[in-house]
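Indexing begins at 1, ligand by ligand and atom by atom, following the structure's order.
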Amino acid sequence: MLTNWTYKKRMSVIFRRTNFLREYRDFLGNLKETQPRYLQTNKETLYTEYVYSIPLGKVLTDSLEKAIVGAFDRVCKVKSAGGRLYVRIYKYKLPDHVAYEQLKEINVDTKYTVPIGLTLDDLILHNFDVTPHMTVAGATRQGKTVFLKQLITYLCENNPTEDIRLYLIDLKGGLEFGRYADLKQTVRVASNAYETAKLLEEVQSEMNRNMSVFRKLGYTNIVDTPIKTRTFVIVDEAAQLSSEPFMQQETKEQLGYCQHALSEITRIGGALGYRLVFATQYPTSDTLPRQIKQNADAKLSFRLTTELASRVAIDEEGAEKLTVPGRAIYRTIDKVEVQVPYISDKESEERLAKFKEVDQRDGASYDKVSRTDDDDPLQTG
Ligand SMILES: Nc1ncnc2c1ncn2[C@@H]1O[C@H](COP(=O)(O)OP(=O)(O)OP(=O)(O)O)[C@@H](O)[C@H]1O
């Protein structure tokens with residue numbers, strides 16, 4: 001068990017080893033040193049926090065942080081702020097499973113907001129009106145598709161139906177997103193490169209129309225207008241959109257167009273109400289175009305196989321060290337480790353059943369792939 005005494009002794013050794021000390025000469029000219037001054041202990045339900053004053057001229061370094069985190073067999077977080085060093089030692093580990101159902105207890109009253117996952121302290125939420133675009137990376141079977149399904153389910157369940165429009169691009173052959181095709185919120189589902197190009201042509205012409213309406217009305221950003229509709233373009237397995245040397249020229253051009261159109265959504269679509277969620281198994285410069293990465297200010301990464309892939313996905317190492325399916329690093333300005341809520345296909349379908357629309361012609365489900373009518377995306381609600 002970690003007693004106060006063992007804790008303080010260990011910290012003292014770490015401060016000395018990492019040279020986190022203040023050196024000075026006393027009035028006789030002798031070299032002296034003082035350790036960071038211990039200020040207080042905050043005992044909370046989930047953790048105990050120790051606070052120190054940082055010695056003059058010293059900063060929290062990576063090596064100090066690693067030394068502290070590695071010194072305890074409990075989960076430990078270190079941060080510095082306002083000349084203070086905070087060392088937080090948690091009582092529990094992050095759970096390996098968080099059920100989507102548990103989220104019902106948490107009241108999220110902001111629109112276009114979805115849960116990303118639980119940290120040791122709280123639930124992390126992502127507001128698509130604050131950060132419009134997101135990239136999602138992760139090796140096979142680590143939780144990307146489950147995350148996208150819980151995102152779709154949560155958006156549909158927690159926003160007025162008419163405010164959410166979904167363009168779903170499922171490059172795993174339509175197996176995953178096909179189940180959402182007949183939702184009222186779904187405009188179209190694409191399941192191969194050809195359909196994706198068609199879908200994106202439709203999105204681009206919509207964006208162009210909306211752009212001229214915005215110009216006429218003097219609007220610069222949808223969040224400052226009465227327009228309540230947001231259009232989500234969600235891509236699962238975007239690596240399928242990068243071309244290979246053996247492909248025919250025509251296919252390469254089609255894939256090139258798709259990547260360009262997705263980049264355009266992140267470049268100009270955000271202000272018009274378009275939100276891109278771009279998921280890929282293999283984050284490389286080919287599969288994750290630079291413009292998409294730069295314009296997506298939120299990056300979520302499940303376990304990746306190499307440190308290099310982690311650097312491409314979240315700009316730093318760490319995703320290669322994740323071990324549990326559903327465990328991810330969510331990076332905006334800050335970086336946190338989360339356990340993403342789990343939802344099964346069955347639960348997602350049951351929750352969304354009430355949003356399904358039935359084709360009046362013959363009782364069959366509404367065919368979004370062959371749909372040609374023109375929705376007006378500028379519903380002012
Ligand atoms: N949030 C989660 N919590 C707990 N387990 C999860 C979570 N997400 C995924 N899993 C487990 O991992 C499995 C694979 O998840 P998922 O289908 O999302 O993988 P993926 O990353 O999309 O893989 P691939 O790219 O190979 O399709 C799930 O069937 C489930 O058992």
### Query
So how far is it from F27 CZ to K32 NZ, rounded to the nearest 0.5 Å?
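It comes to 9.0 Å.
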### Query
Protein residues near ligand 1, heavy-atom distance below 4.0 Å?
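Residues H97, A139, T140, R141, Q142, G143, K144, T145, V146, K172, Q281, P325, G326, Q339, V340, P341, Y342 each place a heavy atom under 4.0 Å from ligand 1, listed by chain and number.
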### Test item: side-chain donor near acceptor, R327 and Q339, under 3.5 Å
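Distance-only check passes for R327 and Q339.
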### Query
Can a donor-acceptor pair be found between the side chains of Y274 and E206 at a distance below 3.5 Å?
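Yes, a side-chain donor-acceptor pair sits under 3.5 Å.
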### Message
Angle between ring planes, Y257 versus H260, binned at 30° and 60°: parallel, tilted or perpendicular?
### Response
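Plane angle between 30° and 60°, so tilted.
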### Message
Tell me whether the rings of Y100 and Y154 are parallel (<30°), tilted (30 to 60°) or perpendicular (>60°).
### Response
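It falls in the perpendicular class, over 60°.
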### Heavy-atom pair of closest approach, residues C156 and L183
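Looking at all heavy atoms of both residues, the closest pair is SG-CD1, 4.2 Å.
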